[in-house]
Number of protein chains: 2
Amino acid sequence: MPDEEGHPSREEMDLRCVMNALADPLRYQVVSALVKDAEDKERHCSSFGLPVSKSTRTHHFRILRQAGLIRQVDRGNSRMAHLRRADLDARFPGLLDLIRQNPAALPGSD
Amino acid sequence: MPDEEGHPSREEMDLRCVMNALADPLRYQVVSALVKDAEDKERHCSSFGLPVSKSTRTHHFRILRQAGLIRQVDRGNSRMAHLRRADLDARFPGLLDLIRQNPAALPGSD
DNA sequence: GGCTAGGTACGGCAAGGATCGAACCTCATC
DNA sequence: GATGAGGTTCGATCCTTGCCGTACCTAGCC
């Protein structure tokens, strides 16, 4: 079962759940940005420039977290997100390569 | 641009569109079944045992077709579907392997 | 030609989910 | 302790979409 913060274990990850998370353009944009980052780089949840309100952002990050795509950790006041690269590579080999080769069409965020 | 029947060319395929198509359990089930089949095997659209009406089936197959996952060809009265294996392997290498390794949890069809 | 089976198109209904604002919580800072 | 920034939760709204039935089209068959 997922931990208290909703992170599934590597074995619990479900491909359809991941697909569903990636089907949304905002969420794909976040994951695509994380994939391009350096290994395990942590990013502020508000650093992706999502054109939505705080509550909507929380909603999208929860879906990404519950799908197992990202891990969120508390850093004092803020919350940092980073790709679960090792878990994803182990559980869904090739997935991150696919995303890397198909970057999100961002409105000027490259 | 897609042809008259809505099949996108290999270059037109969009990963998010594919993800969106695969996010639905019924559609994932269809693609998962096709992936397990022999190379380029054609299947009757009604041979997947989808628990929905004809019109809903048409709806789902259209989405799969427009995403580029399957190709539908007229065979007289019926319409046969087959995986666009070569196109998918070229455009999204590793995707079909992911699906193959994560079969749909079918209600008694294994 | 008439019938049937397989598919599609259309209109409508209902569930899911993307969105927001407001209220609240927590931590860091002053 | 007060303040402010960053996040979450809640309730409401609205749009998408999965679903169906009906009507219609086409091909094959009698």
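The sequence lines fix the lettering, A, B, ..., with proteins before strands; numbering per chain opens at 1.
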> If hydrophobic clusters are built by linking Ile, Leu, Val, Met, Phe, Trp and Tyr wherever their side-chain heavy atoms come under 4.5 Å apart, do B:L26 and B:L83 end up in the same one?
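Yes.
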
> Take the protein atom CD of A:E42 and the nucleotide atom P of D:dG6, then report the distance between them rounded to whole Å.
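Checked: the CD to P distance equals 17 Å.
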
> Which one of A:V30, A:L96, A:L95 satisfies the side chain to side chain contact (heavy atoms under 4.5 Å, CB included) criterion with A:V35?
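Among the candidates, only A:L96 passes.
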
> Take atom CZ of B:R79 and atom P of C:dA9, then tell me their distance rounded to the nearest Å.
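Whole-Å distance recorded here is 8 Å.
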
> Whole-Å distance between C:dA18 P and A:L22 CG?
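In whole Å, C:dA18 P lies 13 Å from A:L22 CG.
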
> Have a look at B:Q72 and tell me which of B:H82, B:R79, B:R65 forms a side chain to side chain donor-acceptor pair (under 3.5 Å) with it.
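Result: among B:H82, B:R79, B:R65, B:R65 is the only option passing the side chain to side chain donor-acceptor pair (under 3.5 Å) with B:Q72.
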
> Which pair of non-hydrogen atoms, one from B:P103 and one from B:S32, has the smallest distance, and what is that distance?
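The pair with the smallest heavy-atom distance is CA-OG, 3.6 Å.
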
> When every nucleotide of nucleotides 16-27 of chain D is labelled 5' to 3' by its protein contacts under 4.0 Å (heavy atoms), B for base, S for sugar-phosphate only, - for none, what sequence of letters results?
--SBBB----BB

> Hey, are B:R75 and B:E42 close enough for a salt bridge, meaning a charged N less than 4.0 Å from a carboxylate O?
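Yes.
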
> Report the distance from atom CZ of A:F61 to atom C1' of C:dA18, rounded to the nearest whole Å.
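Rounded to whole Å, this separation is 15 Å.
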
> Rounded to the nearest Å, what distance is computed from the CD atom of residue A:Q66 to the P atom of nucleotide C:dG17?
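So the CD-P distance, A:Q66 to C:dG17, works out to 11 Å.
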
> In this structure, how many angstroms lie between the C1' atom of C:dA28 and the CG atom of A:D74, rounded?
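After rounding, the gap between these two atoms is 14 Å.
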
> Specify the closest pair of heavy atoms between B:L50 and B:F61, including all atoms of both residues, with the distance to one decimal.
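Shortest heavy-atom separation between B:L50 and B:F61 comes out as CD1-CE1, 4.2 Å.
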
> Side-chain N or O of A:R57 versus OP1/OP2 of D:dG7: is the shortest distance under 4.0 Å?
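The answer is yes; a side-chain N or O of A:R57 sits under 4.0 Å from OP1 or OP2.
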
> To the side chain of A:T58, which of C:dA9, D:dT8, D:dG6 is closest?
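The answer is D:dT8.
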
